[in-house]
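The figures that follow rest on heavy atoms only: side chains count, while hydrogens, waters and symmetry mates do not. We number each residue from 1, following the sequence as shown.
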Amino acid sequence: MKENAGQSSYKSNLKVLLTAVFLVLGLWFAYQIMSIIFLFFLAVVLTLILNAPTMWLVKKKFPRTLAALLVFLIMLIFLGVIGWLVVPKILEQLGILFNNLPQYYADVKTSLSSHLTDYPLLQKRVLSGSAFEEGMPSAMMLVSNVGYFSASIISSIFLLIMFLSIVAYMLISPEPLIETYLTFFSEKNRPKAARALARSSVMMTGWMKSNLIVGAIEGTAIYFFLTYMDVPGVWVWVGLALFAEFIPKLGLYIMMIPPTLIALSISPLAALWVLLFYLGLTELTGDFVIPKVRATTMNLHPISSIIVMLAMGLAFGLMGVLIATPLTAFIKAYYEEFYLSGVSKANIREEVDLILERKV
């Protein structure tokens, strides 16, 4: 009897040990292929976005394969036209900015020196040796970075081809993948899983729509303002602005640093105007335009997006930041479907007021 109990305990402990070992190995392997997981996640996001126009064509009696290929081809043409119109100008102005960096550096240093003449200690601290010069990237660092990106361009092209291939396959034939996804849930929870993914799809479409609208508004405003202010590299800053909304709330704040520093080489007043313009544009779009565009589709609180973005950025760097908003949308959709749908909201408004007004 004791022998059987001992064998049962041994088998139970061995099972727990093996489970722990496989769990650790699984987590380690997932961490090693995290870039592939992120790539697949982005492919799913893009497929959900492209599925909306594809289903519109299917409802117009187009075969699914033909509809998916047409939508995919239109997307490639759109990206190609944008690249043909914008990328050459960006590369041209990047080259000009790179060649003029020493002159910009000298102009900024001269401008600061003239405005700090009444504060000799501060002038010495800011302009001599360490503080100011160490903040500027060295020519060797810039050259090494250029060499690094040049060396990785082949792998980037390969990943892009693989990414587009995954999107095309999922868009043309999504049914087997959706069936596989639903089999991970019990029969009772499959309707919730289906609704959660459908809601995520709506939110992804709204996210991309809002990014395009707000990015176009911000890019147009930046183009005209910086052109009026004669700030060099206008198309570079416009290109950065188009991607600013992929970093919620903080994107345009980050993107305003380079043009403000370049404007400082013209004059401190020009830099101040550029800074105020970016701050005003960020608040205007963030408080009025984006909530209106996203209200009916995403309805994400800015705090939730920022928390997820900071966590993902700290854990996974730039790629984590880029997927933060879609990930937040997925979390919200599944949380609402699997948990919040079963929670009563009776009297919740009164309880919120109780907290805010401290009625104790």
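Taking CG of L171 as the reference point, atom CG of L164 lies at 11.5 Å (rounded to 0.5 Å). One distance of note links CG of L66 with CG of L73; it measures 10.5 Å at 0.5 Å rounding. Between atom OG1 of residue T328 and atom CD1 of residue I307 there is a gap of 9.5 Å, rounded to the nearest 0.5 Å. Annotation: the span from L57 atom CG to R64 atom CZ amounts to 10.0 Å, rounded to 0.5 Å. Within the model, atoms CG of L327 and CZ of F38 stand 8.5 Å from one another, a figure rounded to the nearest 0.5 Å.
Shown here are the side chain to side chain contact (heavy atoms under 4.5 Å, CB included) partners of L69, two or more places apart in sequence or in another chain: T65, I172. For the side chain to side chain contact (heavy atoms under 4.5 Å, CB included) test, residues two or more places apart in sequence or in another chain that qualify with L275 are M256, T260, L279. F163 is linked by a ring pair (Phe, Tyr, Trp, His ring centres under 6.0 Å) to nothing, counting only residues two or more places apart in sequence or in another chain. Remark: A168 engages F72 in a side chain to side chain contact (heavy atoms under 4.5 Å, CB included) (not counting sequence neighbours). Looking at residues two or more places apart in sequence or on another chain, you find a side chain to side chain contact (heavy atoms under 4.5 Å, CB included) between L322 and F246, L318.
Here the closest heavy-atom approach between residue W273 and residue F225 is recorded as O-CZ, 3.7 Å. Between A67 and T54 the shortest heavy-atom distance is CB-O, 3.8 Å. Between M204 and A329 the shortest heavy-atom distance is CE-CB, 3.3 Å.
Sorted by first and then second residue, the pairs that involve residues 323-340 and meet salt bridge (Lys or Arg N to Asp or Glu O under 4.0 Å), not counting sequence neighbours, are R195-E337, R199-E336, R199-E337, K332-E336.
Between Y181 and F185, the angle of the ring planes goes over 60°, which puts this pair in the perpendicular group of the 30/60° scheme.
Aromatic ring centres of F41 and F330: separated by under 6.0 Å.
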The test is ring pair (Phe, Tyr, Trp, His ring centres under 6.0 Å); show your working for W235 and Y223 and say whether it passes. CA-CA 7 Å; W235 282 102; Y223 173 80; 5.4 Å; yes
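Distance alone, capped at 3.5 Å, is enough to place a donor-acceptor pair between the T205 side chain and the S201 backbone.
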